[in-house]
Every structure is written in structure tokens, then in C-alpha cells.
Number of protein chains: 2
Amino acid sequence: MDWLKLPPLNGLRAFSVVAETGSYTLAAQKLNVTHAAVSQQVRRLEEHLGVALAVRSGRGIELTAEGASLARDLDIGFATIGRGVERLTEIVENRPVQVTMSPAFAVEWLLPRMAEFQHEYPDITLMLNPTAEVVELKPGGIDVAIRYRDKRRPVAGVQPLLLSDMVVIGAPELVAGRDLSNPASLMDLPWLQELGTNEASEWFTFHGVIPDRRLTVHHMPGNLIMDAVRRGDGITYTSRAFFREEIEQGRMIELFSEKLFGIYFVETRAGAQRPAVKAFLKWLRAQAETVTV
Amino acid sequence: MDWLKLPPLNGLRAFSVVAETGSYTLAAQKLNVTHAAVSQQVRRLEEHLGVALAVRSGRGIELTAEGASLARDLDIGFATIGRGVERLTEIVENRPVQVTMSPAFAVEWLLPRMAEFQHEYPDITLMLNPTAEVVELKPGGIDVAIRYRDKRRPVAGVQPLLLSDMVVIGAPELVAGRDLSNPASLMDLPWLQELGTNEASEWFTFHGVIPDRRLTVHHMPGNLIMDAVRRGDGITYTSRAFFREEIEQGRMIELFSEKLFGIYFVETRAGAQRPAVKAFLKWLRAQAETVTV
DNA sequence: CCGAGATATTAGAAAAAGTAACAAATGGAC
DNA sequence: GTCCATTTGTTACTTTTTCTAATATCTCGG
């Protein structure tokens, strides 16, 4: 292929629009630049090719024979490219919105609200990816990530979604009748924690407790933890928002809490978002206002 | 036309080459940039489109389904554009070299050397445009201008071609037996000068002579002036280089001279020159060395 | 487990493109 | 004719994009 030594493509595009509109001024409007920019692009292209493409003619311009010939080919070429891009865009636009989040968040927060979202935006399909892993946001992959971050290490420039106290929580049948007034006493209870994390021992460390005996920690996926805690299989460290009603009604016991230590925020990948993704983000923001616990 | 909102064209080109070569490294070589540049172009394109086009695969990459689809269209599109440009280039490359210069220079300097040039470069056709007017150098028009400039007002950054004393010259039969020892005495002789110029009165002014009677000045094209002067129809102000031999042999009389006042220089239009133009310029430079009078 | 060969990512340098302001040419209104 | 609106042409300067160089990361084969 020897089209590698193509002239400046932006100049070609500019000239193509000039040829189409028959005017620098109109072409500039179409391209959202000033006429000076278009004029310079075409001049540079002419210098590169060593041939005049358009000449002044009265109040406007007219193409030279060479210019007209080139314009024809450019039109066909760019149209081909445009069709290819368009087809791709259609595929992309219609792809479901890909969202990743922690299993706990999915079960306790998003899933309960999904029906409402679907009612509001029946045409948008959400694909959830509940995982504790941090998935990279790249084109063609995950569109939106809802992530948890300890508020002690705040992250700049992201949309907070849920700001909540973090609590250690357990079912009444598990904790009843015990003296749990100091952190160290929690070492005797079984902890449930997300696969691949180490929340229990971090919690003790943060409270100045150096474990003097082996902790009982069961690792399991976040979505199962919540039910297990409710059944009384163990205690866990999580957002109060997920258990607010149950705590108020006495169906769960809050053992310790850290004020506003937990923050869930929304992260999107770089670049422009598809309409469907924008709609989901808008809906998320609206939800966020109502749930700052 | 809605291909106005095409993605970044340079990104498309980069991706197209990546698709063709199947490698960022090879594509970078073809495009004469580093692989980092290609990588970034493709990444930006992916962000713009919101779709992955190529994914890492082992030690190299492979295209996604979307990438392969786009690559096909790009290939066709760029090929179309490339063909159009190529056709244009061929027309341009084969166009004769367009040279403009003063009629005097053409007749006295260039034409006598043309045969030699044609012998050296039989494939290159020169088109001469002998005119006193300053023709604009623009793409598709004049390629090379050989211009005269009074050396008192030097011009920067151009290739000098002929540096010569300027002389007032006449045929022996016209000037014989006259006392022409001071400038004012030249007012009695008929002057021949280029159409549209005013060399005669400028010469008198420069020599501090205020004409006290009407000058006899015949205007005619520069090429005719030289022959007319030889025939003895009048005197003129010109480069000594054009008459050097005749002066040495006494066939023409040098009346006055200004040391190195005249300079002919070569000017080319902006941008890269076609091979034929380059060859002509090279030849000109070689000639220049031999004729600094 | 190492090293060759590939892609990925950055900060900062270099190049390209765009803007604003003004100049120049033209055709029509008066 | 002169004036005026419209369009292209030009240039200094600013902004944006692109490229490079350095370095990190990943993968395969010995």
C-alpha cells in the first residue's frame, strides 16, 4: 500500500467540505471553525500537492479541474469511511450499559432500585458485574463502576453516590447476652468478609487492638454475606445504609460505627458517554440525593 | 452528509495501518513515528467510538470483531482517497517546470543555456514566462521565479544566481564621436527601456542629474531591447553579464557602470518541490557558480 | 525464572491547528 | 461613479493535538 504517504487528512477533509459547499465560509460553519482555519488547511494541502485546487472567482471560489477531480474521490472515500464508522456506532450505541460494583452494593442497593430504573427507562438494558475486583474501565468494556472507598483517603473529582457510616453489625440471636462494649471483645465472634479482602483485621488494627488469638473469619462473596449476617452466621463490617431499617426496627444490632467513613462513588471511563450511559448516570445522581445516610 | 462528525482522521489512519500490519510496532515504522504515538492514536479513537478495536493477545494484538469491521471500511475508503491523490500527483509531477523571469534575462542568459539543460535532463520540459511583471508563486502556477533586484535593497534568504555590475551600454555606431564623460550627456541619446519601468529617469536621479529637457525613451519588451541596442537604436541600463564578450571585443561600448548593483536571484514557492523542479534548481545553482561576473 | 519482543503509560517537548483582527477584492445598491 | 455588504486572504498569537523518550508491563520460549 502506498497511500501511506497520503497528504494531511484534515486538509483533505477541509477541502472536501469546501468542494461540497462551494464556499470557505459555509465549509467553516459545517466544520465548526473559522473561515481562516479552512483557508489555511486548503492552502497547506495545495502546497503539499503542488497544485491549485480552488481559485478565487468573483465573490466566491471555484474548483480547478484538479480540485474537482480530487473532490470526487474524497467524497467517495470519506463516505465509505463514514458508513463504516456509522455502523460501528450503531452497534456501540445499542450495547447494554455495563456496570460493575461490589456484590454487597449490588444486592443491598442497586437491585432493589432496578425495577424503578427499568420502569423509567424501559429501552435501556443494564448489565451488572458484581465483583470485589477493581475492573478496568476501557472502551468496549465496563461503562460505569460504583466503587467503595474509605473516606479517610478521599478521591478527587468523582461523583459521590452514597455517603454512610460504616458499622459492625450482627443479628440479635448471635450477639444477645454478650458484653461487646470494647472492640477487643469482637474477636470472639465469627467474622464474614468478602473474598480477597481483609476487613476484619484492618478493623481491629484501626481500633488499636492487636489480635491475641486467631480470628474466625469466613470468606464468601459479598452478596452471600448479607444474608448470612441476617441469619446470624457471623458479624461483618459494612455500610449502615444497607441495614438502616433493620437496625431501626431492632432486627439487627449495630455494634460499632465510624462516622461517614464509607463512600460509594461513581466512576466512568474517559471520553464521551453513550446516551444510554448518560441516562443511567443521571438516574444514579438523582438516587444519590435521597440516600445520603 | 453526516460524516462531518467523523472521528479523528489521523486516529483512523493509524488504526487502519495497525489493522493492516497486525502490530503497533510495524505500523509505527510504516508511519514513521514511535509505537507510543500509534498506541495513543488508537486509544483515543477507541475512546471516541466507545468500543475496543484491538486487544492485547499474547505478545501482540488482535482485532475485535468491531475493529475488523471498521478496518475493512477504512481500507476501502483510504484506498479511494489514495487513488485520487495519486492520479493528481501524476498530473502534477509531469507538468512542465514553470519558470518566470525578465525578458532580458531570458534572452541573454537562460535561452543560450537551455540546450545544455535539455541535453542534461531530456525528460524535463521547461515553460518560460518572460515578463517584467512580478508573478505570484502559488501552487499549480509558476514554480520558479528568477528575479532582479537592486543590490542596494538586499533580500534575505534567497539563492543568488547572477551578481553583476550594472552598465549603461550602447553600440559603437551610436555613441562614437560623442563626449559622454558625464551622466548628463546621456540625455541626448535615445533610451530603450522595459515596458512599465522607469529605469532611465531613475538612473539620472541616482547620478544626481535633474533632466532639463525631455528624454527620448522608447518602451519595448525586454527581449527586443537587447537586439535594438546592438543595432544601435538606443542605449539601455542592464547587467554587464549580458554583454560581457561584446564589450571585451569592442563590439559594444560601456558608458557607465555601477559595481555589483544588480543581482538576479532564484525564488521558489513554499512547500516541497517536485523532482523536476528540484533538478532545474540544482542545475541553476551549478550554472550560477560559473557566471558570477 | 530470565530475557527478548511486544504493548502500555507518562510527562514534557514539538508541531499543528485555530482564532481574532485586519486587509483586499468584488458585485450590487444607490 | 461611491458606498456597503459579503467573501476570501493573511498574519501574529494562542490553544490543542501529537510525538517522543523513558519506563513499566506483559507474554512466550528456552
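Sequence lines set the chain letters: A, B, ... in the order given, protein chains first and strands last, and positions in each chain run from 1. Scope of the values below: all heavy atoms of this structure, side chains included, with no hydrogens, waters or symmetry mates. What you see is a predicted model; the values in this text were computed from it and never measured.
- Once rounded to the nearest 0.5 Å, the distance linking OG1 of A:T268 with CD1 of A:I146 reads 11.5 Å.
- Note: CG (B:N32) to C1' (D:dT20) measures 14 Å, nearest angstrom.
- With contacts defined as side-chain heavy-atom distances shorter than 4.5 Å, the pair B:L163/B:Y264 does not qualify.
- Atoms CD and CE, from A:E267 and A:M101 in turn, are 14.0 Å apart once rounded to the nearest 0.5 Å.
- Both B:V38 and A:R43 lie near DNA chain D, and the one whose nearest nucleotide falls closer to the 5' end is A:R43.
- The closest side-chain heavy-atom distance from B:L45 to B:L53 is below 4.5 Å.
- Rounded to whole Å, the distance from CG on A:L9 to C1' on C:dA16 is 13 Å.
- Going from atom CG of B:L45 over to atom C1' of C:dA8 covers 17 Å, rounded to whole Å.
- Residue B:E47 contributes atom CD, which lies 12 Å from atom P of D:dT18 at whole-angstrom precision.
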Taking only N/O atoms, report every protein-nucleotides 21-30 of chain D pair under 3.5 Å with atom names and distance.
residue	atom	partner	partner atom	Å
D:dC26	O2	B:R56	NH2	3.4

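- Spacing between atom OH of B:Y24 and atom P of D:dC19 amounts to 14 Å, rounded to whole angstrom units.
- Residues passing the side-chain hydrogen bond (donor to acceptor under 3.5 Å, both in side chains) test with A:N94, sequence neighbours excluded: none.
- Straight-line distance from the CZ atom of B:R13 to the P atom of D:dT18: 11 Å, rounded to whole Å.
- Looking at heavy atoms from C-beta onward, A:R13 lies in side-chain contact with A:F78 at the 4.5 angstrom threshold.
- For the OP1/OP2 pair of C:dA16 and a distance below 4.0 Å, the side-chain nitrogens and oxygens of A:R44 include no atom meeting the criterion.
- In terms of position on DNA chain D, the residue among A:N10 and A:L26 whose nearest nucleotide sits closer to the 5' end is A:L26.
- Looking only at distances, a side-chain donor or acceptor of B:E46 sits under 3.5 Å from a matching main-chain atom of B:A54.
- What separates CD1 of A:I61 from P of C:dT26 is a distance of 15 Å, to the nearest Å.
- Summarising the geometry, the separation between CD on A:Q41 and P on D:dT16 is reported as 17 Å, rounded to the nearest angstrom.
- Listed pair B:T25 / C:dG5 fails the phosphate criterion, with no side-chain N or O lying under 4.0 Å from OP1 or OP2.
- Side chain of B:S39, nearest nucleotide from D:dT8, C:dA8, D:dC19: C:dA8.
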